[in-house]
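Take a look at the structure below.
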Amino acid sequence: LGLEKALAASPGAPSLVTQRKQPLTLAAILSLLAAGQGSSYRRAVVDWGVAPFDAARACFALLWFFTARAGDALRLRASAIAVRPDGVSVTPGVSKTDPTGKRWGDSPTFIPFGGPLDAARWLADLLAARGSQPTAPLFTDARGAPLAWEWLAGLLAHCLRRSMPAEEAT
């Protein structure tokens, strides 16, 4: 069930172990953001300072700090972010691995302002720019529509292809 034919035909248990992708390093995230700036993605010029790219940048940075699945991050509401004088607190809520939100979902993660990957500043700016209602999706385009996973994944792939060798960008 659900196994690809190539995997099912491979001999031995090691062939059934999922191949995991390497996590992105801070240098890789900074590189992909720099490489993406000014490029053309789906007939739009990538500018991390304007919607919807500001939301994508904040999401990419949040995912580096915050060990959530991308799909769970895209479901965050504005109320999940609390802006403090020294940074932001992110309370994840429910997720695929915590469907009731009782195990980790009610434990905020603090992200300080500053540093080369300033996720806290970008999240705070995103809240201010969108004038979000507490129940509104956090990561939206300029009209307030939630970012689609396919669009965000495509943008990530676009930036990765521009910032690293092809064999590493997949």
Shortest non-hydrogen separation from [X] to [Y] and the atoms involved:
X: Cys59; Y: Leu152; result: SG-CD2, 3.7 Å
X: Leu127; Y: Ala78; result: CD2-CB, 3.7 Å
X: Val88; Y: Ala120; result: CG1-O, 3.7 Å

> For Pro134, does its backbone N or O pair with a side-chain atom of Ser79 as donor and acceptor, under 3.5 Å?
Replying inline: yes
>> Please check: side-chain N/O of Arg162 versus main-chain N/O of Ala35, any donor-acceptor pairing under 3.5 Å?
In response: yes
Hey, can you pull the donor-acceptor pairs under 3.5 Å for the side chains in residues 108-115, sequence neighbours left out?
none

> Does Arg84 have any salt bridge (charged side-chain N to carboxylate O under 4.0 Å, His left out) partners at least two apart in sequence or in another chain, and if so, which?
Replying inline: Asp86
>> Could you see if Trp149 belongs to whatever hydrophobic cluster contains Phe60? Use Ile, Leu, Val, Met, Phe, Trp, Tyr and a side-chain cutoff under 4.5 Å.
In response: yes
> In the single-linkage hydrophobic clustering (I, L, V, M, F, W, Y; side-chain heavy atoms under 4.5 Å), do Leu26 and Leu62 co-cluster?
Replying inline: yes
> Residues in side chain to side chain contact (heavy atoms under 4.5 Å, CB included) with Thr25, at least two apart?
Replying inline: Ala27, Ala28
> Can you name the residues that form a side chain to side chain contact (heavy atoms under 4.5 Å, CB included) with Ala148, not counting sequence neighbours?
Replying inline: Glu150, Trp151
> For Leu74 and Leu147, what are the C-alpha separation, side-chain angles and deciding distance, and is it a side chain to side chain contact (heavy atoms under 4.5 Å, CB included)?
Replying inline: CA-CA 7 Å; Leu74 284 176; Leu147 294 183; 4.2 Å; yes
>> Show me the pairs that pass side-chain hydrogen bond (donor to acceptor under 3.5 Å, both in side chains) and involve residues 37-59, at least two apart or across chains.
In response: Ser39-His158, Asp54-Arg130
> What side-chain hydrogen bond (donor to acceptor under 3.5 Å, both in side chains) pairs are there with at least one residue in residues 111-128, not counting sequence neighbours?
Replying inline: none
>> Are the side chains of Leu123 and Phe139 in contact, using a 4.5 Å heavy-atom criterion?
In response: yes
>> Would Phe65 and Leu117 count as a side chain to side chain contact (heavy atoms under 4.5 Å, CB included) here? Give the steps.
In response: CA-CA 9 Å; Phe65 278 98; Leu117 191 67; 4.1 Å; yes
> Rounded to the nearest 0.5 Å, how far does CG of Leu33 lie from SG of Cys159?
Replying inline: 7.0 Å
> Residues two or more places apart in sequence or in another chain: which of them pass side-chain hydrogen bond (donor to acceptor under 3.5 Å, both in side chains) with Asp141?
Replying inline: Arg143
> Going through the distances and angles, do Phe53 and Val45 end up as a side chain to side chain contact (heavy atoms under 4.5 Å, CB included)?
Replying inline: CA-CA 9 Å; Phe53 300 106; Val45 175; over 6 Å; no
> So Thr91 and Leu76, side chain to side chain contact (heavy atoms under 4.5 Å, CB included) or not? Walk me through it.
Replying inline: CA-CA 9 Å; Thr91 305; Leu76 287 176; over 6 Å; no
